[in-house]
Amino acid sequence: MLSKAYEPQEVEAHWRKHWEEGKTFTPDMSAPGDPYSIVIPPPNVTGILHIGHALNQTLQDVLCRHARQKGKNVLWLPGTDHAGIATQNVVERALAKEGKRRHDLGREAFIERVWEWKKQYGGQILEQIKSLGASVDWTREAFTMDDNLARAVRKVFVQLYKDGLIYKGKYIVNWCPRCHTALADDEVDHIDSKGMLWHIRYDFADGSGSVTIATTRPETMLGDSAVCVHPEDERYAGLAGKKLILPIANREIPLIADRYVDREFGTGCLKVTPCHDPNDWNLGHAHNLEFIQVIDDNGNMVQDETLCGKYAGMSREECRKAIVEELRENGHLVAEEPLSHSVGCCYRCKTVIEPYVSDQWFVALSKLAPRARAAVPSDIKIYPENWTKTYYNWLDNIRDWCISRQIWWGHRIPAWTCPDCGELIVSETDPTACTKCGCTNLEQDPDVLDTWFSSALWPFSTMGWPEQTDTLKKFYPTSVLVTGFDILFFWVARMIIMGQQFMGEVPFKEVYIHALVRDAQGRKMSKSLGNGIDPQDMVQKYGADSLRFTLTAFAAMGRDIRMSEERIEGYRHFMNKVWNAARFALMNLPEDAAPKAVDLGAVKGLHHQWILNRLEEVKAEEDAALESYRFNDAAQCVYKFLWNEFCDWYLELIKADMREEGERKEEAQYVLYTVLKEILLLLHPMAPFVTAEVWSSLPGNEGTDIATELYPAERPECRKPLEADQMMFLQEAISAIRTIRAELNIKPSYKLTVVLRPASDEQAALLESGRGFFDLARLESLTIDANAHAPKASASNVVRGCEVIVLLDGAVDFQAELARLDKEIGKVDKDLVALNGKLSNENFVMRAPAELVESEKARQADLMDKKAKMQALQIRFKEAMGE
RNA sequence: GGGCGGUUAGCUCAGUUGGUAGAGUAUCGGUCUUACACACCGACUGUCGGGGGUUCGAGUCCCUCACCGCCCACCA
């Protein structure tokens, strides 16, 4: 017997072990089903599971488990990402505690140290994924630094280089002076901040006056090589070509004109520092200016007094203050005004980015983008569709991708230079000698690749590429990619590009972009805010199924999810409901074997016909919802069916059957058994643990695993909408009695005497056949008779034309009943007014579909009938009061 | 500067071809009815952000305004 309340801990541990050790989710390569595959978006090895991962993985698991139920051959491939900068930072921090820096260890020892760290802590996030019940194939677990993935990286790099799609060059890049590396454009966060705009006067060399420039970065003026104005700016007409004296540095620089300058901003006069601003870099090339570097890779002014004078060696922040001070003193500072602008920051450490000129490697995304753009939507469908536009927008404005990073942890760039002749060798295998001069002292490029470079290969590198493995043949391209929109650019677009380039085929057929999880106030969850809901805590407290079901139920498309603990708690109630419904079933089913089968298309009980009909509808509904990624609809429809129909009505209705013996009981047992089993199957993708446990405890299921069962097949013979509607009428009548009882404050334990006056002979027959169901309203006696006299002291309502009359004895509050009737008639009136208006509108009657007009007329007739009957009842009630 | 999303019951949100506004939660009243108090029975709650338009009919389609949020972008 199951315990009274559902206790997830032991159940989850048991099934996790069962699934892992039994390799339940390792696909059988020779199985006949159509392949269905997903590669997991690899979390960082440094990461701990946050609620966003939990959502991401839950949705994938729902899809995978559902696909298995539909007979597909499913591979869900797990793994982690080496996360270059992030991981290096973590290990460097650990080293710092020992008072060491990475340079103290040297490159090899440091990398060794990172691997040790990975061995010790890198599995943590995988353990957390396991706790959610993710049905991944653990035998195929991958890591972006695995040998075969490294091989894939090299092959791709070399091939792109040969095709001219990777190139090396000196460029101005986003440099993080703290991480000491270049960053890609999209690794820069633009953070709004309040700064200053300083207006500085530059005098003409010939003493003929001056211009005033405006800048937010006065410290860079030491590297100025021009001042630029718009050629059509009348304020500066005819001045281009004159020389200016750069204050402080006292150098001569030219005044140039370029249409790039915005006349509206500041003074319309721009200082040009080609080495320290990406726009100025372009201007510098266009106008053949001097390139003067005054800031070094640490973000300090260069140690060169001829360039920086007394500012040499100062930090850029100190230098800014000091220069402003000097300008103020010598009268060149014309004005200073506060300015809100956005400042580029390192996405990892938030240090302000320094534009920095250096040798870097680039992928020519501008050449690769058009093909990737064309793949959507013909080869790849994006859900929700709105993201398609964002995807296009990014690809249409793409710039080349800086892929070199000046750190140690990552895939080292397979390029060597010859110290003798300067030859650059790019090769899949380590070269032993220079291909040009034979020199054997080749030096490998010290840089490593951007983490996203290896991630971009993930869908095929994890399947064994460049080998033509069976896995690759069977499971590439994958069926769907499930991810958050935050990495649409970092990752999704680049995977598409690499897939097309190296597999000749897109890496996935569909992309499902899910919401971001936010806290109850709508803020992004983050460590610094301390508002994160830790999925591990939630699993501990409420069980994995509760968390999973909550995430699924709230995963409506295109919306952020606001998560709060109360919601998870709410869905724990649901898991308990499932559990207890099962306990009830077990009490009422044979212990040792499945109940005797009956022909479900021929069951007699109206309640059985109703629930079986509803089951068919729900089966179709959930399937359709999941096929179109409407996770919330799938979860909701099962939730409502189980709780509001199966538990609230059906289980109550069959209690009477279970007290009997023989055919009636057997029929109820078999329908109960069938419906419960199929509900468990419907629920299983979202709540794998509780359903697995209940499933295996059902008679006849010993030793079976719900995870390998098929989706319940359709049962067309059980589609009985007419009978279902009849049953619903009975439920409405019962509810009407319950409402009267509640509103007149009659105790539930008090047994009522009820008279039903049916509107037709058919209704009378139906009520008579369903007489037993009225136990649910707790009755003393039930009279079904169209001609029965309504006792004067009675409360009443009308359901589908049938008068429902509850006898009252003297203890009842007559005023309360009168008020209740008034209210009820009021409601009918309100509906009737709207309806009459509609039907008296000729346009409506003429133009609306005939069906609709008919049904509205029927409703009108029904309401009028109800109103008339209720008024009659009210009049008689008033008479009774008078007596 | 471009692009996207949101504004529906006190709160958090559903609402798939336009056709009687829903759920959970909260609140109120009642119940130990032998699966479940993590429960049961019932009640209450809405000019669907404002304005305009299309339509017989709009939460749903179009326009416009307001406020909130996100993404992208080299305005110093």
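Small disclaimer: the values here were computed from a predicted structure and weren't measured. Per chain, numbering begins at 1; letters A, B, ... match sequence-line order.
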With a non-hydrogen cut-off below 4.0 angstrom, is [X] in contact with a base, only sugar-phosphate, or nothing?
X: A/Arg217; answer: nothing
X: A/Asp262; answer: base
X: A/Asn279; answer: base
X: A/Gly837; answer: nothing
X: A/Arg820; answer: nothing
X: A/Thr390; answer: nothing
X: A/Pro849; answer: base

Identify which nucleotide among [options] has an atom closest to any side-chain atom of [X], counting heavy atoms from C-beta outward.
X: A/Leu651; options: B/C4, B/U16, B/A35; value: B/A35
X: A/Arg778; options: B/C36, B/G30, B/U33; value: B/U33
X: A/Lys389; options: B/A35, B/G3, B/U31; value: B/G3
X: A/Lys827; options: B/G29, B/C44, B/A76; value: B/C44
X: A/Asn393; options: B/C72, B/C74, B/A76; value: B/C72

Nearest-Å distance, [atom1] ([X]) to [atom2] ([N])?
X: A/His514; N: B/G5; atom1: NE2; atom2: P; answer: 18 Å
X: A/Leu642; N: B/C36; atom1: CG; atom2: C1'; answer: 12 Å
X: A/Phe554; N: B/G6; atom1: CZ; atom2: C1'; answer: 17 Å
X: A/Tyr392; N: B/G2; atom1: OH; atom2: P; answer: 22 Å
X: A/Glu621; N: B/U16; atom1: CD; atom2: C1'; answer: 12 Å
X: A/Arg583; N: B/A35; atom1: CZ; atom2: C1'; answer: 6 Å
X: A/Asn386; N: B/C70; atom1: CG; atom2: C1'; answer: 13 Å
X: A/Lys823; N: B/U45; atom1: NZ; atom2: C1'; answer: 13 Å

When rounded to the nearest Å, what value does the distance between [atom1] atoms of [N] and [M] take?
N: B/G15; M: B/G49; atom1: P; value: 15 Å
N: B/C65; M: B/C72; atom1: P; value: 26 Å
N: B/G1; M: B/A21; atom1: C1'; value: 40 Å
N: B/U60; M: B/G22; atom1: C1'; value: 15 Å
N: B/G59; M: B/G18; atom1: C1'; value: 10 Å
N: B/A73; M: B/C4; atom1: C1'; value: 15 Å
N: B/G42; M: B/G6; atom1: P; value: 35 Å
N: B/U45; M: B/C40; atom1: P; value: 23 Å

Closest-nucleotide ordering on RNA chain B, the 5'-leading residue of A/Tyr639 and A/Asn282:
A/Tyr639
Let me spell it out: for each of A/Phe646 and A/Gln636, pick the nucleotide of RNA chain B with the closest heavy atom. Which residue's pick is nearer the 5' end?
A/Gln636
Searching all strands shown, indicate the nucleotide that pairs with [N] (Watson-Crick or G-U wobble; both distances under 3.5 Å).
N: B/C32; answer: none
N: B/U27; answer: B/A43
N: B/C61; answer: B/G53
N: B/C74; answer: none
N: B/G69; answer: B/C4

Ion pair A/Glu232/A/Arg259, N-O distance below 4.0 Å:
yes
Could A/Glu743 and A/Lys823 be called an ion pair, given the rule that one side-chain N must be under 4.0 Å from one carboxylate O?
yes
[X] side chain N/O closer than 4.0 Å to the phosphate oxygens (OP1, OP2) of [N]?
X: A/Lys747; N: B/G30; answer: no
X: A/Arg659; N: B/U34; answer: no
X: A/Lys655; N: B/A35; answer: yes

Quick one: is the NZ or CZ of A/Arg373 closer than 6.0 Å to the six-membered ring centre of A/Tyr392, and within 45° of its axis?
yes
Ring centers of A/Tyr629, A/Tyr512 separated by less than 6.0 Å:
yes
For A/Lys866, all residues meeting side chain to side chain donor-acceptor pair (under 3.5 Å), sequence neighbours excluded:
none
Quickly, which of A/Phe641, A/Tyr639, A/Phe574 forms a side chain to side chain contact (heavy atoms under 4.5 Å, CB included) with A/Leu683? Name it, please.
A/Phe574
Between A/Lys271 and the options A/Asp277, A/Asp224, A/Asp280, the salt bridge (charged side-chain N to carboxylate O under 4.0 Å, His left out) test singles out A/Asp224
Working to the nearest 0.5 Å, report the span between CD1 of A/Ile740 and OG of A/Ser735.
11.0 Å
If you count every heavy atom of other residues, nucleotides or ligands that lies below 6.0 Å from A/Gln9 atom CD, does the total exceed 12?
yes
Heavy-atom neighbours of A/Glu337 CD exceed 12 at 6.0 Å:
yes
Between protein and nucleotides 38-41 of chain B, what N or O pairs are separated by less than 3.5 Å?
from, atom 1, to, atom 2, distance (Å)
B/C38, O4', A/His573, ND1, 2.8
B/C38, O2', A/Asn576, ND2, 2.9
B/A39, O3', A/Lys577, NZ, 2.9
B/C40, OP1, A/Lys577, NZ, 2.9
B/C40, OP1, A/Trp643, NE1, 2.5
B/C40, OP1, A/Asp648, OD1, 3.3

Assess the side chains of A/Lys381 and A/Thr388: does a donor N or O sit below 3.5 Å from an acceptor N or O?
no
